[in-house]
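These notes are about the structure you will find just below.
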Amino acid sequence: MALIELKGIERVFQLGDSTVHALTALNLSIGTGEYVAVMGPSGSGKSTLLNLLGLLDRPSAGSYQLEDRDVTTLSPDEQAQVRSQRIGFVFQSFHLVPRLTAAENIALPMMLAGIPSRERNSRVERALADFGLEQRADHRPDQLSGGQRQRVAIARATIMQPALILADEPTGNLDRHTGDEVVHLLEALNASGVTLVVVTHDPALGARAKRQLVMEDGSLKQDSAHAPG
């Protein structure tokens with residue numbers, strides 16, 4: 001079953017006098033539980049695609065169906081609700097709130113969703129254990145290593161049990177060993193049924209995915225799911 005269905009997606013930006021076609025005539029279907037790497041040079045449209053999939057940006061034309069619902073027609077508030085409940089984000093620079101502890105950062109999406117404190121606390125406790133962060137619950141981001149910060153970010157991204165995780169260069173600020181640990185965490189989540197879409201410049205990380213999409217000049221140049229042979 002398709003989790004994501006993009007049809008005729010265009011994204012056009014005006015930069016001064018020039019028009020930039022960041023995405024052009026993009027058609028893409030991603031099934032529930034897939035593990036997809038999005039690759040391509042800088043400026044190829046990878047980040048624009050990720051922002052559209054994450055409802056952080058709207059297409060100029062075309063439709064985006066998520067779980068059989070056309071999310072391009074939703075109001076900003078409705079999109080924010082879908083984003084908080086169905087989509088988890090993992091970024092290269094972690095995007096943790098500096099003044100909050102690890103536990104508070106993980107709890108943040110549930111607070112915003114109005115989940116009662118008792119359930120919040122039990123889910124945070126479980127997440128801290130699952131991600132090996134029990135000893136770091138009261139530490140702020142500046143007291144954590146890069147790998148610990150990324151684990152907090154992944155715990156926060158998955159605490160609402162989303163259908164889709166979008167990871168933008170998730171190992172970009174980490175050494176190889178720590179990066180491998182983070183990738184294994186993301187892959188374990190994918191193995192449990194969560195759809196995982198990773199944007200990366202790293203060929204080794206891209207090769208781990210079951211399906212590779214290669215972007216070029218705003219178009220989908222290559223899709224390993226439709227490769228010859």
Side-chain angles (χ1 to χ4, degrees), residues 3-4 6 23 28-42 44-57 64 66-67 71 82-97 102 105-106 108-109 127 130-133 141 144-215 220 223-225:
L3 176 80
I4 289 167
L6 302 181
L23 293 174
L28 177 63
S29 180
I30 295 176
T32 300
E34 274 203 81
Y35 178 9
V36 180
V38 182
M39 305 167 79
S42 294
S44 60
K46 302 188 303 296
S47 294
T48 305
L49 173 60
L50 200 76
N51 287 339
L52 285 176
L53 291 177
L55 301 178
L56 298 171
D57 190 16
Y64 168 18
L66 178 66
E67 297 181 307
V71 288
V82 172
R83 201 163 52 236
S84 81
Q85 294 177 356
R86 307 307 295 148
I87 303 170
F89 296 91
V90 180
F91 298 98
Q92 176 176 347
S93 50
F94 318 126
H95 288 327
L96 300 177
V97 181
N105 266 289
I106 294 168
L108 195 55
D130 288 348
F131 289 94
L133 292 162
L144 300 171
S145 69
Q148 287 165 348
R149 275 182 256 177
Q150 194 59 295
R151 277 187 276 156
V152 171
I154 295 169
R156 182 185 60 185
T158 54
I159 199 75
M160 293 291 289
Q161 297 157 347
L164 171 65
I165 294 176
L166 301 173
D168 190 3
E169 299 284 1
T171 61
N173 279 338
L174 305 173
D175 62 66
R176 175 61 74 181
H177 174 71
T178 309
D180 286 346
E181 286 181 353
V182 164
V183 170
H184 289 138
L185 280 176
L186 290 169
E187 289 177 346
L189 290 163
N190 173 247
S192 75
V194 180
T195 304
L196 176 60
V197 178
V198 179
V199 164
T200 183
H201 280 103
D202 180 352
L205 177 52
R208 295 181 67 96
K210 307 284 193 302
R211 179 180 176 191
Q212 289 79 30
L213 305 176
V214 180
M215 304 285 294
L220 186 55
D223 181 349
S224 66

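Because the structure is a prediction, the values reported are computed rather than measured.
Every residue meeting the side-chain hydrogen bond (donor to acceptor under 3.5 Å, both in side chains) condition with Asp175, not counting sequence neighbours, appears here in chain and number order: Thr178. Here Arg83 pairs with nothing under the side-chain hydrogen bond (donor to acceptor under 3.5 Å, both in side chains) rule; sequence neighbours left out. Evaluation of the ring-ring contact (aromatic ring centres under 6.0 Å, His included) rule for His95 yields Phe91 as partners, not counting sequence neighbours.
Judged purely by atom type and a 3.5 angstrom limit, Gln212 uses its side chain to pair as donor or acceptor with the backbone of Gly206. Of the possible polar contacts, none joining the Asn51 side chain to the Leu56 backbone as a donor-acceptor pair under 3.5 Å is found. A distance-only check finds no donor-acceptor pair linking the side chain of Arg211 to the backbone of Val36 [under 3.5 Å]. Between the side chain of Arg151 and the backbone N or O of Phe131, at least one donor-acceptor pair lies under 3.5 Å. A donor-acceptor distance shorter than 3.5 angstrom exists from the side chain of Ser145 to the backbone of Gln148, with no hydrogens or angles considered. Of the possible donor and acceptor atoms, one in the side chain of Glu169 sits under 3.5 Å from a partner among the backbone N and O of His201.
Distance check: Leu185 CG to Asp180 CG gives 11.5 Å after rounding to the nearest 0.5 Å. The structure places CG of Leu220 at 6.5 Å from CG of Leu28, a figure rounded to the nearest 0.5 Å. For the atom pair CD1 of Ile154 and CZ of Phe89, the computed distance is 14.5 Å after rounding to the nearest 0.5 Å. Annotation: the span from Ser224 atom OG to Leu213 atom CG amounts to 7.0 Å, rounded to 0.5 Å. The distance from the CG atom of Leu166 to the CG atom of Leu49 is 9.0 Å, given to the nearest 0.5 Å. Taken to the nearest 0.5 Å, the OG1 atom of Thr195 stands 11.0 Å off from the CD1 atom of Ile87.
A 4.5 Å side-chain heavy-atom check between Glu34 and Ile4 finds every atom pair outside the cut-off. At least one side-chain heavy atom of Leu205 sits less than 4.5 Å from a side-chain heavy atom of Thr171. Residues Gln150 and Val90 are in side-chain contact: their nearest non-hydrogen atoms beyond the backbone lie under 4.5 Å apart.
Within the structure, salt bridge (Lys or Arg N to Asp or Glu O under 4.0 Å) pairs that include any residue of residues 190-209 comprise Arg176-Asp202, Glu187-Arg208 (at least two apart or interchain). Applying the salt bridge (Lys or Arg N to Asp or Glu O under 4.0 Å) test to every pair with at least one member in residues 45-57, sequence neighbours left out, gives these pairs: Arg11-Asp57. Legend: side chain to side chain donor-acceptor pair (under 3.5 Å) pairs involving residues 154-168, not counting sequence neighbours: none detected.
Taking every heavy atom of both residues into account, Ala167 and Leu186 meet most closely at CB-CD1, 4.3 Å. Tyr64 and Leu53 get closest at one heavy-atom pair: OH-O, 2.8 Å. Heavy-atom minimum distance, Pro162 versus Gly88: CB-N, 3.7 Å.
A side-chain contact (heavy atoms from CB on, under 4.5 Å) with Leu3 is found for exactly one of Val194, Ile30, Leu66, Val197, namely Leu66.
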